[in-house]
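Notes for the one structure printed next.
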Amino acid sequence: YQWFTRSANQGYVVAQYHLGLCFEHGTGVKKDTEQAIFWYERATKQGDADAEFSLARLLLNRDSNKAFEIMQKQANQNYSTAQYFLGLCYEKGIGIDRNPVEAVYWYKKAAEQEHPNALLKLGICYMHGTKDLVLKNTGVIKDLNIAREYLIRAINAGELNGFLDEDDNPRAHLFLTEVIYAQNVKDHISVNSMDLVNCVPFVNFVSLPLTGLSAIAERQKLRDFLTTEEGRLMMYHCETAAKTGYKNAIDMLRKLKKAL
């Protein structure tokens with residue numbers, strides 16, 4: 001921190017950017033968003049693209065119009081994380097009117113560069129198609145095969161480059177668990193099965209009847225499925241998510257085991 005401070009005050013752009021990071025994350029100094037913005041702005045004026053993006057990220061809830069302009073500029077320069085955030089701006093109406101079609105367009109642009117969060121978003125979109133809760137009228141048609149491909153790519157990209165949020169990794173595994181279940185046992189996925197804004201999978205999808213012959217039949221179907229390669233793969237993804245301590249995954253794994 002002290003080295004960055006001395007160098008930043010002498011006008012070194014890399015030090016200015018890293019000093020902004022120190023203030024943003026509280027590394028060697030108390031967290032101070034205002035100071036982080038100050039140093040990101042100083043570095044941005046000298047042409048540092050990373051500082052400019054970090055500035056836009058901090059401005060999303062402060063000056064959304066300026067944040068959107070920066071994201072748009074960097075997205076058009078093929079910066080994948082800016083493309084993802086630009087999609088997020090269009091999805092949620094941050095600094096611009098909501099436009100689901102544009103949101104999906106930019107998620108796809110970021111996904112071309114294997115951005116894990118963009119891949120996750122697209123997996124969710126194809127799980128639900130035009131019925132999904134937030135990205136309505138996207139022109140995306142529900143397709144569980146495509147959803148599965150995107151989710152697998154998201155997991156692989158996340159392992160390589162890391163997601164933007166540590167909970168996104170178990171979410172990706174959990175959504176993939178849902179898709180595999182839907183493809184092989186029962187397609188439960190509907191408009192009410194998830195919260196797209198927070199990317200929270202619906203953990204009650206294992207909704208077998210409690211009594212009667214139908215209960216016996218459905219439990220047997222699930223039991224038989226879990227002995228297959230696909231069934232073991234589904235359990236692997238559910239267990240992987242649960243091992244992180246992610247509550248929804250733990251609940252889902254408990255429901256699957258209880259159904260047996």
Side-chain angles (χ1 to χ4, degrees), residues 1-89 91-92 94-95 106-107 110-111 113-121 154-174 197-200 240-241 243-249:
Y1 163 75
Q2 293 179 347
W3 183 88
F4 286 140
T5 300
R6 287 196 298 269
S7 298
N9 283 318
Q10 293 171 5
Y12 289 102
V13 63
V14 174
Q16 291 173 343
Y17 166 59
H18 281 90
L19 186 56
L21 289 174
C22 289
F23 278 113
E24 180 181 355
H25 300 290
T27 305
V29 67
K30 185 179 178 180
K31 283 187 178 181
D32 189 327
T33 303
E34 298 300 330
Q35 280 293 305
I37 289 174
F38 172 80
W39 286 109
Y40 286 150
E41 286 179 333
R42 290 280 297 274
T44 296
K45 289 177 180 177
Q46 295 197 67
D48 190 290
D50 290 330
E52 186 177 38
F53 174 77
S54 296
L55 174 62
R57 186 166 39 77
L58 290 184
L59 291 177
L60 282 172
N61 296 319
R62 290 167 172 255
D63 187 342
S64 59
N65 290 332
K66 184 174 181 179
F68 176 82
E69 289 176 5
I70 295 173
M71 294 296 184
Q72 187 177 48
K73 170 189 169 185
Q74 293 206 339
N76 284 319
Q77 293 172 347
N78 212 31
Y79 183 25
S80 65
T81 303
Q83 290 171 338
Y84 166 73
F85 272 100
L86 187 60
L88 206 61
C89 288
E91 177 187 334
K92 297 185 177 183
I94 301 173
W106 286 107
Y107 288 147
Q113 299 186 63
E114 297 301 300
H115 192 283
N117 288 82
L119 291 164
L120 176 56
K121 281 283 191 181
I155 290 168
N156 292 336
E159 290 177 354
L160 185 65
N161 300 315
F163 285 95
L164 295 175
D165 185 317
E166 61 181 14
D167 280 344
D168 288 334
N169 183 53
R171 286 188 188 119
H173 282 283
L174 212 46
V197 173
N198 299 307
C199 287
V200 178
T240 299
K243 285 177 183 177
T244 67
Y246 189 52
K247 184 180 182 301
N248 283 357

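All figures in this text were calculated on a predicted structure; none of them were measured in a lab.
- Under the 3.5 Å distance criterion, the side-chain polar atoms of Glu52 are left unmatched by any main-chain donor or acceptor of Ile70.
- At a cut-off of 3.5 Å, with distance as the only test, a side-chain donor of Asn78 or Gln113 sits close to an acceptor on the other residue.
- Of all the heavy atoms in Leu164 and Phe85, the pair that sits closest is CD1-CE1, 3.7 Å.
- Using a distance-only test at 3.5 Å, with no hydrogens or angles considered, a donor-acceptor pair links the side chain of Gln83 to the main chain of Ala75.
- Glu24 has its side chain within reach of Leu58: a pair of non-hydrogen atoms, C-beta onward, lies under 4.5 Å apart.
- One finds the NE2 atom of His18 at 8.5 Å from the CG atom of Asp50 (value rounded to the nearest 0.5 Å).
- In terms of heavy-atom proximity, Tyr246 sits nearest to Ala241 at CB-O, 3.7 Å.
- Minimum heavy-atom separation, Gly158 to Phe163: CA-CE1, 3.5 Å.
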task: Decide side chain to side chain contact (heavy atoms under 4.5 Å, CB included) for Leu88 and Tyr107; before the verdict, give the C-alpha distance in whole Å, the side-chain angles of both, and the deciding distance to 0.1 Å.
output: CA-CA 8 Å; Leu88 206 61; Tyr107 288 147; 3.4 Å; yes
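- With values rounded to the nearest 0.5 angstrom, Ile94 atom CD1 is found 11.5 Å from Asn65 atom CG.
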Candidate pair Ile37 and Arg62, rule side chain to side chain contact (heavy atoms under 4.5 Å, CB included), full reasoning: CA-CA 11 Å; Ile37 289 174; Arg62 290 167 172 255; 3.8 Å; yes
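- Aromatic ring centroids of Phe38 and Phe23 lie 6.0 Å or more apart.
- The minimum heavy-atom distance between Ala111 and Leu119, with the atom names listed, is CB-CD2, 3.6 Å.
- With rounding to the nearest 0.5 angstrom, the CZ atom of Phe53 is 13.5 Å from the NZ atom of Lys73.
- Taking every heavy atom of both residues into account, Ala110 and Ser80 meet most closely at CB-O, 3.5 Å.
- The CG atom of Asp167 sits 7.0 Å away from atom OG1 of Thr244, with the distance rounded to the nearest 0.5 Å.
- Between atom CG of residue Leu60 and atom CE of residue Met71 there is a gap of 4.5 Å, rounded to the nearest 0.5 Å.
- Shown here is Gln77, whose CD atom has more than 12 heavy atoms of other residues, nucleotides or ligands within 6.0 Å.
- Listed by chain and number, the residues in a side chain to side chain donor-acceptor pair (under 3.5 Å) with Gln35 are Trp39 (sequence neighbours excluded).
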- prompt: Are Asp168 and Asn117 close enough, and set up right, to give a side chain to side chain contact (heavy atoms under 4.5 Å, CB included), and what steps lead you there?
  reply: CA-CA 8 Å; Asp168 288 334; Asn117 288 82; 2.7 Å; yes
query: How far apart are the C-alpha atoms of Glu69 and Asp63, what are their side-chain angles, what is the distance that settles it, and do they pass the side chain to side chain contact (heavy atoms under 4.5 Å, CB included) test?
result: CA-CA 10 Å; Glu69 289 176 5; Asp63 187 342; over 6 Å; no
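- Ile155 and Ala172 get closest at one heavy-atom pair: CG1-CB, 3.7 Å.
- Side-chain contact check for Phe68 versus Leu86: some heavy-atom pair is nearer than 4.5 Å.
- Heavy-atom neighbours of Asn61 CG from other residues, nucleotides or ligands within 6.0 Å: at or below the threshold of 12.
- Taking 4.5 Å as the limit, every side-chain heavy atom of Pro116 sits out of range of all side-chain heavy atoms of Leu160.
- Rounding to the nearest 0.5 Å places CD of Gln46 at 11.0 Å from OH of Tyr12.
- Ring planes of Tyr17 and Tyr40: tilted class, angle from 30 to 60°.
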